[in-house]
**Student:** 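Supplied in structure tokens, the structure appears directly below.
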There are 2 protein chains.
Amino acid sequence: MSANSADVTIRDVASLAGVSPMTVSRVINESDRVSPDTQRRVEKAIAELGYIPSRLARGLSARRTGTLAVIVPDVANPFFTMVVRAAEDVARRSAYRVILCDTRADLAVERDVIEELIAHRVEGIAIAPVSDRSKPHLARLARFRVPFVLIDRTVAGIECDAVVGDSVGGAQQLVEHLIRLGHRRIGLIVEADEVSSARERRQGYESALRAAGLPLDPALVEVATPDPDGGLEAMGRLLSSEDRPSAVFAVNNLVALGAIEAVRNTGLDVPDDVALVCFDDIEFASRLYPFLTALEQPAETFGTLGTRLLLDRIEGRGPARDHVVVLPGQLTVRRSCGAQAVGAA
Amino acid sequence: MSANSADVTIRDVASLAGVSPMTVSRVINESDRVSPDTQRRVEKAIAELGYIPSRLARGLSARRTGTLAVIVPDVANPFFTMVVRAAEDVARRSAYRVILCDTRADLAVERDVIEELIAHRVEGIAIAPVSDRSKPHLARLARFRVPFVLIDRTVAGIECDAVVGDSVGGAQQLVEHLIRLGHRRIGLIVEADEVSSARERRQGYESALRAAGLPLDPALVEVATPDPDGGLEAMGRLLSSEDRPSAVFAVNNLVALGAIEAVRNTGLDVPDDVALVCFDDIEFASRLYPFLTALEQPAETFGTLGTRLLLDRIEGRGPARDHVVVLPGQLTVRRSCGAQAVGAA
DNA sequence: CGTGGTTGTGGTACCGATAACACGTTTGCG
DNA sequence: CGCAAACGTGTTATCGGTACCACAACCACG
């Protein structure tokens with residue numbers, strides 16, 4: 001047994017087995033044009049030396065790296081955590097590895113990360129882009145012929161495969177629910193308009209209000225960063241306005257968390273003083289304390305489906321036209337909206 | 001502008017700039033032995049062609065891939081999510097990329113994943129191993145001279161750098177706290193003994209009981225998989241025993257979640273009927289509903305410190321001896337233990 | 001003005017694998 | 001029995017970079 005297996009190459013295996021490197025390569029790649037006897041000898045040599053073929057060399061000559069990448073703006077957001085986990089799983093089942101990139105919603109990081117991934121010659125990327133301003137980054141991918149699939153968000157001016165939620169419809173459902181509960185002044189905490197999902201949720205909010213004959217009051221719309229701190233500040237502003245809303249729709253789960261905190265900090269309570277609904281559940285929190293009325297999205301499905309589409313593209317099985325999947329969400333009514341929770345259990 | 005930048009090589013850049021590939025390589029690598037004029041010409045050519053050097057080729061000839069890996073048993077566990085995010089961040093700051101692997105606590109997956117990573121010639125691995133039975137996997141890494149750092153768990157028989165929590169001490173604190181509240185029959189839901197952190201938490205539990213002169217009753221100890229379902233089942237068994245515990249220490253946050261569910265399913269309540277404490281907080285849940293009395297661990301620090309140690313090793317800055325960091329946790333008292341939460345805010 | 005040292009650049013081999021082709025040996029079938 | 005197809009294996013070139021050495025041009029110094 002060698003002291004160090006790190007430098008064993010295909011040639012070492014070949015000479016130990018008494019064959020050429022090419023034959024070893026055939027064994028590794030399970031080509032069938034190898035005699036059973038040779039195959040056995042080679043496999044024995046591989047085992048004896050503890051040989052592990054270099055993916056670098058393989059990738060360089062075969063032009064296949066067997067690596068995908070998943071880019072998300074925030075792995076710590078439970079929605080994206082599940083997306084990442086599902087993507088990793090699907091990838092592994094197809095013998096691909098996954099490089100995870102968290103852009104922290106920073107365009108500069110996203111740009112760099114994409115350069116890196118091209119340099120790494122990843123075979124495809126599933127990306128939840130920062131915003132519409134990610135367009136040049138995606139254009140660069142297209143220029144390098146790196147297949148990619150958008151997850152959760154589309155980007156204006158980019159045509160490609162995508163898996164997104166029904167943000168317009170979901171937002172409508174949430175707001176209609178609030179209206180049904182009797183709310184007339186409904187606030188919105190949303191992230192910047194250049195994020196497609198946020199834009200669409202805002203549209204859903206507006207169309208629900210219009211359908212109910214309610215006025216659109218710009219004072220009721222706050223723009224925030226999509227995290228608890230953003231929600232905290234935005235809700236603070238809404239609460240301090242003269243004619244404060246009786247209900248608020250938060251663009252996602254983390255924003256909702258901050259929003260609730262803001263309400264409580266003011267000595268008020270959810271839902272008694274302010275009702276609250278949002279997109280995306282926080283599974284662990286709901287399990288402990290079913291509180292948030294949320295439009296739950298099937299996060300894992302975003303990841304699995306997105307990765308499948310990506311693999312299809314890579315392996316040329318993709319449809320000729322772009323494939324945009326819209327996944328419906330599900331309204332789960334709990335306490336934060338002030339409705340008696342319908343005891344479904 | 002070329003129609004496709006995917007196949008631009010260093011030679012294309014060289015001929016456009018009227019220099020040799022070697023000179024282009026020097027520019028890419030910021031070697032200073034290039035005249036300012038040449039440098040400018042080469043950079044212009046690079047920009048014009050949209051050239052991105054191949055990491056495969058670089059890795060192959062320079063024997064540096066600039067890639068690390070992080071292996072965790074479950075990214076969806078908030079503790080590991082934070083570890084991963086922190087690791088990724090530190091890595092990027094040092095110009096390394098990170099491959100994420102989720103073993104789902106499956107030894108076979110762990111084995112495969114490690115083979116893959118060696119094949120990829122990653123330069124180092126931060127790993128939260130499945131259990132003591134991960135030893136052969138780590139031995140393989142050692143044999144291939146791949147530096148690695150253990151995160152959160154040590155492995156019997158493996159000496160290396162590690163960043164772990166003070167499981168014994170933390171468990172003691174939690175159990176002492178329950179004893180102080182008057183509990184005499186304290187249950188434990190723990191994962192298999194072959195996981196070092198679980199083993200140590202059990203030790204802490206036992207020594208706290210012994211110190212208080214309380215008996216160790218095997219009927220009070222349930223082994224479970226470290227997830228909500230495991231907690232649910234284990235707590236179910238504890239509750240149905242004839243002399244059920246008045247308090248339970250759950251080995252981690254997810255187990256606690258399931259345990260609470262089990263209590264509630266029985267028509268009982270936490271903490272009135274059964275008090276509960278656990279390791280690791282669930283930040284998002286606590287933010288919404290400060291309920292779990294937990295021994296909080298600085299998850300991000302596990303990731304940052306672990307990755308720093310790893311980078312030190314890789315770059316040869318590591319100390320000669322193994323560096324084991326033990327991070328203390330912090331007891332945060334909330335409602336689940338039945339104590340009046342000390343209003344610290 | 002010769003010698004040694006620096007500076008900028010190029011040539012060649014090689015990293016570790018595979019593609020493409022070539023070649024000797026069976027095997028099959030009329 | 002002869003020739004073609006199938007089989008098993010090796011040879012060579014190449015993937016896209018970098019290490020290493022060579023070398024010309026220039027500098028300074030005694």
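In what follows, chains are A, B, ... by sequence order, proteins preceding strands, each numbered from 1.
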**Student:** Counting just side-chain N and O atoms, does B:Thr9 come under 4.0 Å of either OP1 or OP2 of D:dC15?
**Tutor:**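 No.
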**Student:** Tell me the interatomic distance from B:Asp12, atom CG, to D:dG17, atom C1', rounded to whole angstroms.
**Tutor:**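 The distance from CG of B:Asp12 to C1' of D:dG17 comes to 13 Å, rounded to the nearest Å.
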**Student:** Heavy atoms under 4.0 Å, any strand shown: does B:Pro53 hit a base, just sugar-phosphate, or nothing?
**Tutor:**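 Sugar-phosphate, backbone atoms only, no base.
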**Student:** Looking at A:Tyr96, is its backbone amide N or carbonyl O close enough to the side chain of A:Ser94 to form a donor-acceptor pair, meaning the two atoms are under 3.5 Å apart?
**Tutor:**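 No, the answer is negative, given that no donor and acceptor are paired below the 3.5 Å cut-off.
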**Student:** OP1 or OP2 of C:dG10 less than 4.0 angstrom from a side-chain nitrogen or oxygen of B:Thr23, does that happen here?
**Tutor:**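 For B:Thr23, the contact criterion (side-chain N or O under 4.0 Å from OP1 or OP2 of C:dG10) is met.
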**Student:** Is the phosphate of D:dG17 approached by B:Ser54 (side-chain N or O, under 4.0 Å from OP1 or OP2)?
**Tutor:**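 For B:Ser54, the contact criterion (side-chain N or O under 4.0 Å from OP1 or OP2 of D:dG17) is not met.
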**Student:** What is the distance, to the nearest angstrom, from the CD1 atom on B:Ile118 to the P atom on C:dG16?
**Tutor:**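 Rounded to whole Å, this separation is 16 Å.
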**Student:** C:dC15, D:dC20, C:dA17: which one has an atom nearest the side-chain heavy atoms of B:Leu60?
**Tutor:**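 Among the listed nucleotides, the one closest to the side chain of B:Leu60 is C:dC15.
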**Student:** Would a 4.5 Å heavy-atom cut-off, applied to side chains only, mark A:Pro147 and A:Glu123 as touching?
**Tutor:**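 No, too far: nothing below the 4.5 Å cut-off.
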**Student:** Might you work through the side chain to side chain contact (heavy atoms under 4.5 Å, CB included) test for B:Leu117 and B:Ile71, ending with a clear yes or no?
**Tutor:** CA-CA 10 Å; B:Leu117 294 174; B:Ile71 305 178; 3.8 Å; yes
**Student:** Without decimals, in angstroms, what is the distance between A:Asp37 CG and D:dC7 P?
**Tutor:**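 Atom-to-atom, A:Asp37 to D:dC7, this comes out as 18 Å.
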**Student:** Should A:Arg63 be listed as having a side-chain N or O under 4.0 Å from OP1 or OP2 of C:dA17?
**Tutor:**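 Checking A:Arg63 against C:dA17: no side-chain N or O falls below 4.0 Å of OP1 or OP2.
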**Student:** In whole angstrom, what separates B:Arg64's CZ from C:dC15's C1'?
**Tutor:**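 Those two atoms, CZ and C1', are 15 Å apart.
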**Student:** Using a 4.0 Å heavy-atom cut-off, does B:Val24 contact any base of the nucleic acid, only the sugar-phosphate backbone, or nothing at all?
**Tutor:**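 Here B:Val24 touches no strand at all.
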**Student:** B:Ile28 CD1 to D:dG16 C1': how many Å, rounded?
**Tutor:**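 For the pair B:Ile28 CD1 and D:dG16 C1', the rounded distance is 10 Å.
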**Student:** Tell me which nucleotide among D:dG10, D:dG8, D:dG17 gets nearest to the side chain of A:Ser20.
**Tutor:**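 Selected nucleotide: D:dG10.
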**Student:** Do the side-chain N or O atoms of A:Ser61 get closer than 4.0 angstrom to the phosphate oxygens (OP1, OP2) of C:dG16?
**Tutor:**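 A:Ser61 to C:dG16 OP1/OP2: no side-chain N or O under 4.0 Å.
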**Student:** For A:Arg33 and D:dC7, is the shortest distance between a side-chain N/O and OP1 or OP2 below 4.0 Å?
**Tutor:**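 Yes.
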**Student:** Let me know the distance between NE2 of A:His120 and C1' of D:dG16, rounded to the nearest Å.
**Tutor:**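 After rounding, the gap between these two atoms is 15 Å.
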**Student:** Starting the side chain at C-beta, find the nucleotide from D:dG16, C:dA17, C:dA20 nearest to B:Ala57.
**Tutor:**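 The closest nucleotide is D:dG16.
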**Student:** Nearest 0.5 Å please: distance from the CG atom of B:Asp89 over to the CZ atom of A:Arg104.
**Tutor:**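 Between B:Asp89 CG and A:Arg104 CZ, I get 4.0 Å after rounding to 0.5 Å.
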**Student:** Round to a whole Å and report the spacing from CG of B:Leu49 to C1' of D:dG16.
**Tutor:**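 It works out to 15 Å between those atoms.
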**Student:** Determine: side-chain N/O of A:Thr38 to OP1/OP2 of D:dG8, distance under 4.0 Å, yes or no.
**Tutor:**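 Result: no.
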**Student:** Taking for each residue the nucleotide of DNA chain C with the nearest heavy atom, is it B:Ala62 or B:Val19 whose nucleotide lies nearer the 5' end?
**Tutor:**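 Upstream on the strand: B:Val19.
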**Student:** Given C:dT18, D:dA19, D:dG17, which nucleotide is nearest the side-chain atoms of A:Asn29?
**Tutor:**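 Among the listed nucleotides, the one closest to the side chain of A:Asn29 is C:dT18.
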**Student:** Answer yes or no: side-chain N or O of A:Arg11 and base N or O of C:dG16 forming a donor-acceptor pair under 3.5 Å.
**Tutor:**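 It does, because a donor-acceptor pair links the side chain of A:Arg11 to the base of C:dG16 below 3.5 Å.
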**Student:** Determine yes or no for a side-chain-to-main-chain donor-acceptor pair under 3.5 angstrom, with B:Asp12 supplying the side chain and B:Thr9 the backbone.
**Tutor:**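 Side chain of B:Asp12 to backbone of B:Thr9: a pair is present.
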**Student:** Just the rounded figure in Å: distance from C1' of C:dA17 to CD1 of A:Ile10.
**Tutor:**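 Rounded to whole Å, this separation is 6 Å.
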**Student:** Let's go through B:Arg58 and B:Ile28 carefully: what are the C-alpha distance in whole Å and the side-chain angles of both, what is the deciding distance for side chain to side chain contact (heavy atoms under 4.5 Å, CB included) to 0.1 Å, and is it a yes or a no?
**Tutor:** CA-CA 11 Å; B:Arg58 288 226 246 187; B:Ile28 294 169; 3.5 Å; yes
**Student:** So, under a plain 3.5 Å distance rule, would you say the side chain of A:Arg26 forms a donor-acceptor pair with the base of D:dG10?
**Tutor:**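 By the distance-only test, yes, there is a pair.
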